[in-house]
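Data block below; observations after.
One-based numbering, in listed order, for ligands and for the atoms of each.
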Amino acid sequence: MVLAELGGKLRDSLRKLHTSSGRVTQTQLNAVLSDITRALIESDVNVKLVMTMRDNVKQNVEQLIEKDDDDDDDDDDDANEQRRKRRASNVSKLVQKAVVEELVRLLQPQRKAYVPKRGKPNVVLFVGLQGAGKTTTIAKYANYYQRRGWKTAMVCADTFRAGAFDQLKQNATKLRVPFYGSYTEADPVAIAEEGVDQFVHEHYEMIIVDTSGRHRQEAGLLEEMQEIAAAVRPDNTVLVMDATQGQAVYDQAMAFSNAVDVGSVIITKLDGHAKGGGALSAVAATESPIIFLGSGEQASLFSVHELVFGANTEFKFLGKSLIFGAD
Ligand SMILES: Nc1nc2c(ncn2[C@@H]2O[C@H](COP(=O)(O)OP(=O)(O)OP(=O)(O)O)[C@@H](O)[C@H]2O)c(=O)[nH]1
């Protein structure tokens, strides 16, 4: 699906390094790197990240290729033909490996996804821009845990958008999940703290806190997130990102990541025209794994692997270990 197209393009590019002679020249490498660069940028992977990747690959393999070229010049002797071919083909594999490794390095989350623990309160704070899909995703997330037998509750600390509490309340009622919020209290920090305290006291295991958004990553929003985080001390802070934001995702993710301790990412709206590269950029910016992908307005969530990598493609391997930090 979403990233499969990008995966296909990357595989096609890498295949060009399998030449009949087995040799990889500087020109071929440049052409392959151009292909990969274009494919990544067209898929909305952050331009700066892509350029870093390209420069690193170049630096890592140039020496390899130059060595191969030198050796080749020396090996005029026909008797060395087989040996030369073997070595050349080895170089082609090493170049491929370098490209893949650089992609992995760039996109691999530094931290493991938070694993909620049974029998204790797990406070999960959702943050993100206005309209990213926090409230919708919270319903899906609550549904996911509730169905698996977790004692789940929701807190609405979004006092910014009129109707946010009603939206959460409606979802919670539909899912039969207890909720906490207020029509009169204007301080989101107070609501978050009181709601979380109440559910902790009542031994809820999964306490999900919704927060407000703004159209942009404004200082006021980020300060509010910091204050809420300080008040509820979340076990996990989930950044919800709208995949249709394309190249803007990286800067948004970076701003949130610098303000609060983002531990995981959920990407929404992958059912639309999003090309998916923004998701990869969010991983790079936050150094955090994507734990779920949202694709639709229904209250059900799919795991990333089921959703993105239905087919058993090479990119599945790439994606699993490099993008989503799966074991
Ligand atoms: N197509 C699609 N729409 C989605 C998805 N997730 C959320 N939406 C829609 O996006 C819009 C905004 O979603 P909300 O959940 O209200 O967003 P929010 O982040 O809570 O917004 P604020 O409370 O204003 O910060 C709604 O119309 C949702 O139905 C998704 O995965 N796919």
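- With sequence neighbours left out, the ring pair (Phe, Tyr, Trp, His ring centres under 6.0 Å) criterion links Phe126 to Tyr141.
- Below 4.0 Å from some heavy atom of Gly213 lie the following atoms of ligand 1, by number and element: 25 (O).
- Near Thr135, the atoms of ligand 1 lying under 4.0 angstrom from a non-hydrogen atom of the residue are 15 (O), 18 (P), 20 (O), 23 (O).
- With salt bridges taken as basic N to acidic carboxylate O contacts below 4.0 Å, one links Asp261 and Arg111.
- Ion pairing of Asp35 with Arg38 is present here, as a side-chain N (NZ or NE/NH1/NH2) and a carboxylate O approach within less than 4.0 Å.
- Between Lys134 and ligand 1, at least one pair of N/O atoms sits closer than 3.5 Å.
- Remark: Glu193 does not engage Arg233 in a salt bridge, criterion side-chain N to carboxylate O under 4.0 Å.
- Looking at ligand 1, you'll find an N or O of Gly131 within less than 3.5 Å of one of its N or O atoms.
- Of the options Pro116, Ser288, Ser264, a side chain to side chain contact (heavy atoms under 4.5 Å, CB included) to Asn236 is made by Ser264 and by none of the others.
- Ligand 1 has no nitrogen or oxygen under 3.5 angstrom from a nitrogen or oxygen of Thr268.
- Ligand 1 has a nitrogen or oxygen under 3.5 angstrom from a nitrogen or oxygen of Arg161.
- Every atom of ligand 1 with a heavy atom of Lys140 under 4.0 Å away is listed here by number and element: 31 (O).
- One option in Thr244, Ile138, Asp158, Thr136 has a heavy atom closer to atom 6 (N) of ligand 1 than any other, and that option is Thr136.
- There is no side-chain donor-acceptor pair under 3.5 Å between Glu205 and Thr152.
- The shell of residues lying under 4.0 angstrom from ligand 1, judged by heavy atoms, includes Leu129.
- Classification of Lys269 and Asp242 as a salt-bridged pair holds, one side-chain N sitting under 4.0 Å from a carboxylate O.
- Residue contact annotation: Arg214 has no non-hydrogen atom under 4.0 Å from ligand 1.
- At least one heavy atom of Ala132 lies less than 4.0 angstrom from ligand 1.
- The residues Lys120 and Asp235 are annotated as salt-bridged, a charged nitrogen and a carboxylate oxygen being separated by less than 4.0 angstrom.
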